[in-house]
A.B. asks: 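Below is the structure I would like to discuss, written out as C-alpha cells.
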There are 2 protein chains.
Amino acid sequence: MRDELGRLRRFNRLLTQRIGLLDERYLGSPLPFAQARLLYEVAVLAPLATHHLRRLLAVDAAALSRGLVALQARRFVRREVDPSNARNRIVEVTAKGRQVLATLDRRADERVGAMTAGLAAGDRRRLLDALDQARRLLVGAVVRIERRAAHHPDAQAAQAAYLGEIARRFGRPLDHWNQGPIAAAVSLVVADGRRPMGCGALREIAPGVGEIKRMWLHPDARGLGLGARLLAALEAAARGLGHDEIRLDTNDRLREAIALYEGAGYRPMKRYNDNPDATRFYAKQLRPAREIKRIVLGRRCDRRENPSPTPTGS
Amino acid sequence: MRDELGRLRRFNRLLTQRIGLLDERYLGSPLPFAQARLLYEVAVLAPLATHHLRRLLAVDAAALSRGLVALQARRFVRREVDPSNARNRIVEVTAKGRQVLATLDRRADERVGAMTAGLAAGDRRRLLDALDQARRLLVGAVVRIERRAAHHPDAQAAQAAYLGEIARRFGRPLDHWNQGPIAAAVSLVVADGRRPMGCGALREIAPGVGEIKRMWLHPDARGLGLGARLLAALEAAARGLGHDEIRLDTNDRLREAIALYEGAGYRPMKRYNDNPDATRFYAKQLRPAREIKRIVLGRRCDRRENPSPTPTGS
DNA sequence: GCCGATCGTTGACAGTGTCAACGATTGGAG
DNA sequence: CTCCAATCGTTGACACTGTCAACGATCGGC
C-alpha cells in the first residue's frame with residue numbers, strides 16, 4: 001500500500017519535474033501560458049456564456065474576466081451581451097483565434113513528437129497503450145455520475161455546453177423547439193470532483209415512457225467509456241421511475257452519439273415528435289429490473305439544494 | 001501518427017486539467033507551493049552547494065536564492081559558507097525541515113490514496129503497472145547518457161550530489177581519500193534534456209585496467225534500468241580505451257549499488273586500494289568487443305568545451 | 001416597486017519566474 | 001604581486017498568475 005502510493009507519486013514527479021511532457025508553457029507561444037490554455041478551453045466549448053465557462057473550467061470569476069479581456073484585446077475571442085439576459089456575455093472564438101490555436105496545437109505536437117522520437121515503433125505503441133490504460137483507470141477512479149437538480153449551475157453549464165457544441169457543429173443554433181430549459185424528471189452530471197464534464201437528462205413524455213435529452217460529454221472525456229456509464233445511469237433512473245421504454249431523438253451528424261445508442265441496444269423507430277433538428281429516432285425497451293442497480297454513484301449532493309422537489313413531466 | 005500525438009496530449013490534459021493528481025499545490029500546506037517543492041528537492045540531495053543545486057534542479061539563480069532565504073527564515077534549511085571556497089554556500093536541511101517534509105509527504109499520500117480509493121484491487125494494480133510501464137518508456141525515450149568533460153558543471157553537480165548522498169547515508173562525509181576531483185579518463189552524465197540526473201566516471205588505475213568511480217543516479221530516477229545502462233556505457237568506454245578489466249570499490253551499506261554490480265557480472269575480489277570508506281571490491285573481465293557498441297548515445301556536446309584534452313591517469 | 005441574488009469587473013495583494021545589475025570572492029595571466 | 005575576468009550569490013525590477021473583497025448593473029420574485 002505504502003509502496004503503491006510511492007509508485008503513483010514517482011510517476012507524478014517524473015512528469016512534473018523531470019520530463020517536460022506536461023509543461024506546455026514554453027512553446028515560443030505568442031500568448032502567456034494561462035491565456036493559451038484558456039483559449040484552448042474556450043474554443044472547445046464556445047459559443048457559451050461566461051458564467052457557464054466559469055463552471056466548466058473551474059476558474060475564478062476574476063481570472064476568467066481578465067483572461068477574456070486579454071484575449072479579446074488580441075481579437076482572439078468576441079464577447080457579446082446575451083440578448084435574453086443583459087447580465088450575461090456570450091463568448092465566441094474568432095477565426096483569428098482559431099488560427100492561433102492551430103499554431104499552438106502544431107507546436108505542442110512537435111514538442112511531444114520530438115519527445116517520443118527516440119522510441120521504436122513497438123515501444124511507442126506500448127507507451128501509448130499504457131497511457132490510455134492509465135487514463136481510463138484514473139478516470140474510472142475519479143469520475144462520479146451524480147444526480148443534480150435541473151437548475152443546478154453545473155447541470156446548466158454542461159447543458160449549455162451541449163447547446164454550444166451543437167451550434168458550432170451545425171453552424172447554427174438549435175431550433176427554438178430545443179432551446180430553453182426542459183422539464184426533466186432526472187438530471188445527471190458527470191463530474192471529476194473539480195468541474196462538470198458531462199450531463200444527461202431524462203423526462204417523461206408519456207406514462208411509462210421516458211426520453212433522454214441533452215446528453216453530452218466534454219470532448220476531452222470522450223472515448224473512455226463514460227458515455228456508456230452515463231447512459232446506463234439514465235436507464236437505471238428511468239427504471240426507478242417505473243418506465244418500461246426509453247426514447248430519444250438525434251441527428252445524423254452526431255455520429256459518436258449514434259454509435260453509442262446503437263451499441264447500447266437502442267433500435268431505430270419512426271419519428272415520435274416534431275423536433276425539427278432531429279433526423280433519427282430510437283427506442284429501447286427496459287426489462288423490469290428485479291433489483292435496481294445503483295449505477296448512479298454517490299449521494300445526491302447539490303451545492304444549492306432546492307427545497308421543492310424536482311419538477312416532473314412537461 | 002497524428003492520432004498518436006493526440007493520445008499523448010489527451011493524457012497530458014487529463015492529468016493537468018481534469019485530475020488533480022499532479023497538482024500538489026493545495027495540500028493545506030504550511031508552505032507556498034514552490035517552497036514545498038524546493039524543500040523536497042533539496043532534502044533529496046542535501047548537503048550540497050547552492051550552485052550545484054541550481055544545476056540539479058534547473059532553476060534560476062534568483063529563484064533558488066530567494067527560495068532558500070525563505071526556507072532558512074523558517075529554519076527548515078541551514079546555509080553555511082563553504083570553508084574551502086567562501087563564494088559557495090552549503091545547504092543542509094534541518095531536523096525541523098525534515099519533520100515538515102514528512103508532514104507534506106503524508107498529506108500527499110492521503111491525497112493520492114483518496115484519488116485511487118474508488119478502484120478495486122485489480123484495477124489499482126493495473127493502473128500502477130500501466131504507469132510504471134509508461135514511466136519506464138518515457139524515461140527511455142527522453143534520457144540520454146552523454147560524455148561530458150570532468151569539469152563540466154553538470155558532471156560536477158552530479159558528482160557533488162553523490163558525495164552529498166554518501167554523507168547523508170553514512171552520517172559523515174567521505175574520507176579525505178575520496179574527496180576532491182578525480183582524474184577521470186571518461187566522465188558520463190545521465191540527463192533528460194533539462195537537468196542532470198546521474199553520473200559516472202572511469203579512470204585508469206593500471207595499464208589496461210579501468211576503475212569506475214562516482215556512479216550515481218538521482219533517487220527519483222532509480223528502478224528504471226538506468227543504472228544498468230550507465231554501467232554498460234562506462235564499460236563500453238573502457239573497451240574503447242583498450243581496457244580488459246574493470247574494477248570498483250563500494251561499501252556494504254550501498255545495497256542497490258552492490259545488486260547492480262553483481263547483476264552486471266562483477267565478481268568480488270580482494271582489496272586493491274587503500275580507500276578507507278570501501279568495504280567491498282569487485283572486478284569484471286571485459287571481453288574484447290569485435291565491434292564496439294555505441295551505447296553512449298548522443299554526441300559529445302559540452303556547453304563549455306574544454307580546448308585541452310581530458311586529463312587521464314591519476 | 002423593492003429587495004436579495006446573480007453577473008461581470010476592478011482593485012489589491014501574495015506568489016512565481018525571468019532578466020539585469022551588483023558586490024564579493026576566486027584563480028590565473030602578466 | 002597586481003590586475004582582470006569569471007564565478008557565485010543577492011537584490012531590484014517587472015510581467016504573469018491566482019485569490020479575496022468590493023463594486024455597480026441587472027434580474028427575478030414578492
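Chain letters run A, B, ... following the sequence lines, proteins first and then strands; every chain starts at 1.
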A.B. asks: For A:Ala184 and A:Arg203, work out which heavy atoms get closest and say how close.
C.D. replies: CA-CB, 4.1 Å
A.B. asks: In whole angstrom, what separates A:Asp82's CG from D:dG28's P?
C.D. replies: 11 Å
A.B. asks: Between P on C:dC7 and CG on A:Leu64, what's the gap in Å once rounded to a whole number?
C.D. replies: 13 Å
A.B. asks: Go through residues 66-79 of chain A and report each residue with a non-hydrogen atom lying under 4.0 Å from DNA chain D, sorted by number.
C.D. replies: A:Arg66
A.B. asks: Whole-Å distance between D:dT7 P and B:His152 NE2?
C.D. replies: 12 Å
A.B. asks: Looking across every strand, which nucleic acid part, if any, lies under 4.0 Å from A:Ala61 by heavy atom: base, sugar-phosphate, or nothing?
C.D. replies: base
A.B. asks: Give a yes/no answer on whether the side chain of A:Arg87 brings an N or O atom under 4.0 Å of OP1 or OP2 in D:dG28.
C.D. replies: no
A.B. asks: Does A:Asn85 or B:Ser65 map to a spot on DNA chain D nearer the 5' end, using the closest nucleotide for each?
C.D. replies: B:Ser65
A.B. asks: If you compare all heavy atoms of A:Ala158 against all heavy atoms of A:Trp216, which two are closest, and at what distance to 0.1 Å?
C.D. replies: O-CE3, 3.6 Å
A.B. asks: Side-chain N or O of A:Thr50 versus OP1/OP2 of C:dG8: is the shortest distance under 4.0 Å?
C.D. replies: yes
A.B. asks: Grab the two heavy atoms, one from B:Leu39 and one from B:Val77, that are nearest each other, plus how far apart they are.
C.D. replies: CD1-CG1, 4.1 Å
A.B. asks: Select base, sugar-phosphate, or nothing to describe what B:Asp60 touches, counting heavy atoms under 4.0 Å on all strands.
C.D. replies: base
A.B. asks: If you assign A:Asn88 and A:Ala63 each to the DNA chain C nucleotide with the nearest heavy atom, which residue ends up on the more 5' nucleotide?
C.D. replies: A:Asn88
A.B. asks: Just the rounded figure in Å: distance from C1' of D:dG18 to CZ of A:Arg54.
C.D. replies: 15 Å
A.B. asks: Between P on C:dG17 and CG on B:Leu38, what's the gap in Å once rounded to a whole number?
C.D. replies: 10 Å
A.B. asks: Starting at CG of B:Leu48 and ending at P of D:dG9, how long is that distance when rounded to a whole Å?
C.D. replies: 10 Å
A.B. asks: List the residues meeting salt bridge (charged side-chain N to carboxylate O under 4.0 Å, His left out) with B:Glu165, not counting sequence neighbours, and say none if there are none.
C.D. replies: B:Arg169, B:Arg222
A.B. asks: Considering every strand and a 4.0 Å limit on heavy-atom distances, what is the contact class for A:Ala62: base, sugar-phosphate, or nothing?
C.D. replies: base
A.B. asks: So that I can tick it off, tell me whether A:Glu146 and A:Arg148 are bridged by a salt bridge, with the cut-off set at under 4.0 angstrom between side-chain N and carboxylate O.
C.D. replies: yes
A.B. asks: Starting from P on C:dG17, measure out to CZ on B:Phe33 and report it in whole angstrom.
C.D. replies: 8 Å
A.B. asks: Which listed nucleotide (C:dT16, C:dT18, D:dG9) is nearest to the side chain of B:Gln35?
C.D. replies: C:dT16
A.B. asks: Under the side-chain contact (heavy atoms from CB on, under 4.5 Å) test against B:Ile90, which residue among B:Asp82, B:Leu53, B:Thr50, B:Val81 passes?
C.D. replies: B:Asp82
A.B. asks: So which heavy atom on B:Arg135 is nearest to which on B:Asp220, and how close?
C.D. replies: NH1-O, 4.0 Å
A.B. asks: Answer with base, sugar-phosphate or nothing: what part of the nucleic acid does B:Ala34 contact at a heavy-atom distance below 4.0 Å?
C.D. replies: sugar-phosphate
A.B. asks: Measure the distance from NE2 on B:His51 to C1' on C:dT25 and round it to the nearest whole Å.
C.D. replies: 13 Å
